[in-house]
Amino acid sequence: MNVPVKPQHFYSYDEFDAAFVRSRVAEFREQVQRRLSGALTEEEFRPLRLMNGLYLQLHAYMLRIAVPYGTLSSTQMRQFAHIAEKWDKGYGHFTTRQNIQFNWPKLVDVPDILDALADVNMHAIQTSGNCIRNVTADHFSGVAADEIADPRPTAELLRQWSSNHPEFSFLPRKFKVAVSGAVHDRAATRVHDVGLRIVQNEGGEIGYEVLAGGGLGRTPMVGHIVREFLPKAELLPYMEALMRVYNSHGRRDNKFKARIKILVHETGLDEIREQIEAEFESLDKAAIAADPAEIARIEAQFVPPAYEALPDVSDVMKKAKAANSEFARFVDINTAPHKQAGYTIVTVSLKPIGGVPGDATAAQMRVLAEVSDKYSLSELRVSHEQNIVLPYVKKDDLFALWQELKAADLATANASLITDIISCPGLDYCSLATARSIPIAQAISERFADPDRQRLIGKLGIKISGCINACGHHHVAGIGILGLEKSGEESYQITLGGDPTLSASIGERLGPGLRAEEVPDAIERIVGVYLAHRDLDEDFIHTYRRIGHDAFKSALVTGTPRAPAASPLDQGGGI
Amino acid sequence: MARIKHPKILTASDLKQGDVIFFTGTGWSRHHLDAKPAQTDGEIAALEAQAKADVAANRILDVQIIDVALREDGRPEPIHYREKMRTLGPSVRRDLGKQAAS
Ligand code: HEM
Ligand code: SF4
């Protein structure tokens, strides 16, 4: 059965894609059968299930589904709701890699889930393993006012090139690519294995600035520019050359030193650049470069929708704002400037106060699908901040949209504020975790619940990981929190001054680890130092850079903390 | 037979369902309190052999033998917080996992 797919302004599968995904599901169905019958041992089966996004976690299996560059149709979102209800426990988790994870699938059901995904042109291939993973992109792609060009045709081209690429399916380690096409970097391009920034050269020609060697995990590094300007047509040959250099020279002796960041670091930037260029020169570029007709076919799928000609100022919205301060707050905080007059980009926060960052129930997914049908041309985006974005909202419709979101507990006005916390699943779900991260996010969110205070504090990113793998991006947070184990207890290490944007930096450790219940007070004191020192309208990272790390050290000295309010930590875990 | 520092139990994941399970001495249970603690090297070796056999029989995966403390009634509670989490389910969703049933 194929669910009818609505007209959309982004890529949809051609026959080849669809047939390929179906055949992969059939193949996996057979592999699961062979596993259950005992024809395959776990050792033999594990790499096969991982190639299909199926992990074993702390309490159950976990299925990670690729959302290509974070772009989704309402039909696809509805299918997530259906999967959550039929085969999982009624909810899903949106991740920092713009994907979705289901926490409770049974092995025996996974082939049916994959078929349900194939019905809506989706799959879980290359969401694990040492291959090129789901390519991520700016979640405001195609609509941001500061955009030079839509990064999604590039991301889609890379998706097609890297899917099942025979030479690059057994790399030294996983490989993550992010693409941005705007002045502001919302895709964290400098902390990916490869970051591509669409730029314009002096001649007005569009091409890429290529960054390589960024990454988080146990050895966080900021990527370097390996090519200042790569003409657009040469993207695939250049990527092929870069991947070849990595594939031949990347370390395979030590898993912790196998990412390209270590290769770039150990080889030296100049040398690695030369190696890539030499490889690039030796390639038959014309044979590798994408056929211009194919590029045109892809680009044609991302044409902007037929916008209505509207005045940029909406009287309807203005009046509603004047009459309703809660709505006014939502507009001020959760909308972003759109390319098209009269339209706006809406961030739907998946961070209600005290909630689980990134989780959405099946009912909420259906509401999201429905409002996107009504107000955003049936399209949604998953952001790496673990929120959902509606890209094509008319300002005239914003009040109606907000009311529907509010009824579904989806109208929290906190985008980019201190309670818009990124958190990995941590020890509540993840078998690699050394500590829980979600309850810490919940406790901080409760502590800073007051909307006026949040607004006063302004933009401040808190990001939490439950182990050194850094899936929660804590290294690039204004305030990062890393959960570790210390003497048999959960312990939290705070870092300050991380930044995921073009001015990327890795956060610096503030001091010794804290107990879970000490964290909200410490955050409170850090914010106190910031507020005491900031210049007018200066955001956290700038104050931090101006006054320096040491100015914050006093924040860790446990003085007389406020009496902690009842927080999720008090009930947490029953342990 | 040498005494050991902590008694131990055998835990794993159920192959088909993915559920966390514990070895009771005769079979597998979803509840850790049903698990049979091993107190001596010999009993631990028996758990290891059991684990090997059930892995080979494709019933379980991700086997671990973990430290427990015995309650007054003799039933085992894991010592490490990670393993306590596994006996309960996500602390942030008390409506789900094993804790929901108990
Ligand atoms: C099954 C659960 C997960 C496992 C086993 C896992 C494993 C890992 C590992 C081992 C690393 C370190 C890689 C390295 O340093 O080479 C890593 C990094 C990362 N993971 Fe996860 N992860 C999981 C869940 C997630 C989730 C839920 C997200 C998104 C919220 C995520 C996003 C990331 C990101 C952004 C990084 C750092 C970027 C980088 O690769 O350098 N992961 N993960
Ligand atoms: S950072 Fe660690 S705890 Fe968090 S999801 Fe990644 S591997 Fe798991």
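Side chains included, hydrogens not; waters and symmetry mates left out as well; all remaining heavy atoms used.
- Note that the NZ atom of A:Lys106 and the CG atom of B:Asp14 stand 9.0 Å from one another [nearest 0.5 Å].
- Here the OG atom belonging to B:Ser91 is positioned 7.5 Å from the CD atom belonging to A:Gln442, to the nearest 0.5 angstrom.
- Cation-pi check for B:Arg93 over A:Tyr91 is met; the charged atom lies under 6.0 angstrom from the ring centroid and within 45 degrees of its normal.
- With B:Arg82 contributing its side chain and A:Ser431 its backbone, the two residues share a donor-acceptor pair below 3.5 Å.
- Listed by sequence position, B:Ile60, B:Leu61, B:Asp62 are the residues of residues 60-67 of chain B in contact with chain A, using a 4.5 angstrom heavy-atom cutoff.
- Contacts of A:Leu58 with chain B are made by both backbone and side-chain atoms, with heavy-atom separations under 4.5 Å.
- With rounding to the nearest 0.5 angstrom, the CE atom of B:Met85 is 7.5 Å from the CD atom of A:Glu490.
- In the displayed structure, A:Glu30 atom CD is contacted under 6.0 Å by at most 12 heavy atoms of other residues, nucleotides or ligands.
- The candidate from A:Asn103, A:Thr434, A:Val356 with the greatest count of non-hydrogen atom pairs under 4.5 Å with chain B is A:Thr434.
- Contact between A:Pro439 and B:Val92 at its shortest, heavy atoms only, is CG-CG1, 3.7 Å.
- For the side chain to side chain contact (heavy atoms under 4.5 Å, CB included) test, residues two or more places apart in sequence or in another chain that qualify with B:Asp34 are B:Thr24, B:Ser29, B:His31, B:Arg75.
- Going from atom CG of A:Asp428 over to atom CG of B:Leu96 covers 11.0 Å, rounded to the nearest 0.5 Å.
- Across all their heavy atoms, A:Leu56 and B:Ser13 have their closest contact at CD2-OG, 3.7 Å.
- Contacts of A:Arg46 with chain B are absent, with no heavy-atom separation under 4.5 Å from either backbone or side chain.
- For B:Asn58 (side chain) and A:Leu36 (main-chain N/O), no donor-acceptor pair under 3.5 Å exists by modelled atom type.
- Most heavy-atom pairs under 4.5 Å with chain B: of the set A:Val108, A:Asp109, A:Leu427, this distinction falls to A:Leu427.
- Shown here is B:Lys36, whose NZ atom has no more than 12 heavy atoms of other residues, nucleotides or ligands within 6.0 Å.
- The shortest heavy-atom contact between A:His59 and B:Pro90 is NE2-N, 3.5 Å.
- Checked by atom type and distance alone, the side chain of B:Tyr81 never pairs as donor or acceptor with a backbone atom of A:Ala435 at under 3.5 Å.
- Once rounded to the nearest 0.5 Å, the distance linking CH2 of A:Trp104 with CG of B:Asp19 reads 8.5 Å.
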